[in-house]
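Working notes, beginning with the structure itself.
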Amino acid sequence: MKKSLLFKTGFIAAIAVALTACSSNGGSSAAFSPDKPAKVIQQMSWFAQPEMGGHFAALSGDIYKNAGLDVTIQQGGPQISNVQLVASGKVDFAMSQADEVILARQEGIPVVAVYADLQTNPQNLIFHKGSDINKIEDLNGHNVYVATGFPYWQYLAYKYKLNNVKIQAYNGSLAGFVADKNAVQQGYATNEPFVLKSQNVDVDWFLNADLGYNPYGNVVITTEKMIKEKPEVIKAYLKATTEGWDYYYKHGDEVNKVINSYNKDYALDHLAYAQGVAKNFVFGGDAASHGTGYMSEERWTTLLGQMKEAGLVTKDLKIDQFYTNEFLPEK
């Protein structure tokens, strides 16, 4: 089960100690080319999957290489703190969720989102067809396998008064959910529905975005230091990544084999399914008119307000701390 790591307040505070570390490449922007490439390390949010497909396509299709970039992609996973890695300069870019960026900025960690891979976040809440769940409030009284520390759950529980939910310890397994026909399971629209169908388990789900909570997903974050010292590297990286997304949806079979080579747990038929589901998440929304990777002030303002409502944010934060579109390629 993929997930995005939430960094607890005390843990985030500890990261600030590392903020004086040098960027992983060090120094200021310098000329780079295919003959003299700039080294770039991208840390993913989880194990390789189609929601990251544009990056893998740009790597395997030599789009990064032709842009003068020597890119290394590192997979994510449990116990990996992407905010810590990018804040300490161990990686140049990391993949996170928009709400995690806000939590980091609240702790004074100067990370900035420069690209949104997903306009729509695929986080969802899955339930068995035939259960008595028709609306989100119906989760009250049910066993719910959910990681309660995640911002989305805290907001949804607050908004929909889910105060009678029976929270069950979430460990990434589907076994408890499958055995209990009245249970609810957190998941991703690109993943669990396919896995459960393959096990002949008939399910439906609420997409968190449809419930009103839709932080940009798989945002590419970097540091203020990187922005100041290597703006041309950022610009080249994001342009190549955007080209990578177009390449992925033209050469899906080819790129999915590459993704599978990184993550054998994702079979090719699953990758094809997830790629299809993810397409509108990548190219829909504001990306349709403004280009892939775009982020709006309105969306960030809404998200900040929701996090304040739910008690996740208590400090006075400015929207322009969280993101910038200045490095996106012109549409």
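FYI, side chains are in, hydrogens and waters are out, and symmetry mates aren't considered; it's all heavy atoms of this structure. This chain uses plain numbering: 1 for the first residue, then up along the sequence.
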Side-chain contact, heavy-atom cut-off 4.5 Å: [X] with [Y]?
X    : Y    : result
F47  : D265 : no
F177 : I126 : yes
V184 : V146 : no
M307 : L103 : yes
L207 : T120 : yes
K159 : Q306 : no
V40  : T72  : no
N171 : Y145 : no

Are side-chain N/O atoms of [X] and [Y] paired as donor and acceptor at under 3.5 Å?
X    : Y    : value
N325 : H290 : no
S96  : N82  : no
Q97  : N121 : yes
D180 : H142 : no
E254 : Y247 : yes

Assess whether a salt bridge exists between K239 and E243, defined as any Lys/Arg side-chain N lying under 4.0 Å from an Asp/Glu carboxylate O.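 The answer is yes: the pair qualifies as a salt bridge.
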On a heavy-atom basis, which atom in [X] and which in [Y] lie closest, and how many Å separate them?
X    : Y    : result
L304 : L317 : CD2-O, 3.8 Å
L271 : N256 : CD1-O, 3.2 Å
Y262 : A48  : CB-CB, 3.6 Å
N214 : R299 : O-NH2, 2.8 Å
H55  : M44  : CB-CE, 3.4 Å
P193 : V203 : CA-CG2, 4.5 Å

As an exercise, state the distance from OH of Y115 to OG1 of T324, rounded to the nearest 0.5 Å.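 Rounded to the nearest 0.5 Å, the OH-OG1 separation comes out at 14.5 Å.
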Nearest 0.5 angstrom please: L125 CG to E192 CD, how far? 11.0 Å
Under 30°, 30 to 60°, or over 60°: which ring-plane class applies to [X] and [Y], parallel, tilted or perpendicular?
X    : Y    : answer
H270 : F194 : parallel
Y249 : W245 : parallel
Y64  : Y237 : parallel
Y158 : Y155 : tilted

Following the transitive rule for hydrophobic clusters with a side-chain heavy-atom cut-off under 4.5 Å over Ile, Leu, Val, Met, Phe, Trp and Tyr, establish whether V195 and F206 coincide in one cluster.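 Result: no, two separate clusters.
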Are F327 and L69 linked, directly or through intermediate hydrophobic residues, by side-chain heavy-atom contacts shorter than 4.5 Å (ILVMFWY only)?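 In one cluster with L69: F327, yes.
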Indicate yes or no for a side-chain donor-acceptor contact from [X] to the backbone of [Y] under 3.5 Å, with no hydrogens or angles considered.
X    : Y    : result
S33  : K36  : yes
T222 : D92  : yes
Q186 : A147 : yes
Q43  : K90  : no

Counting neighbours of CD on Q199 that are heavy atoms of other residues, nucleotides or ligands and sit closer than 6.0 Å, is the number greater than 12?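 For Q199, atom CD is crowded (more than 12 foreign heavy atoms under 6.0 Å).
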Taking the six-membered ring of F322 as reference, does the cationic atom of R105 (NZ for Lys, CZ for Arg) lie under 6.0 Å from its centre and within 45° of its axis? no
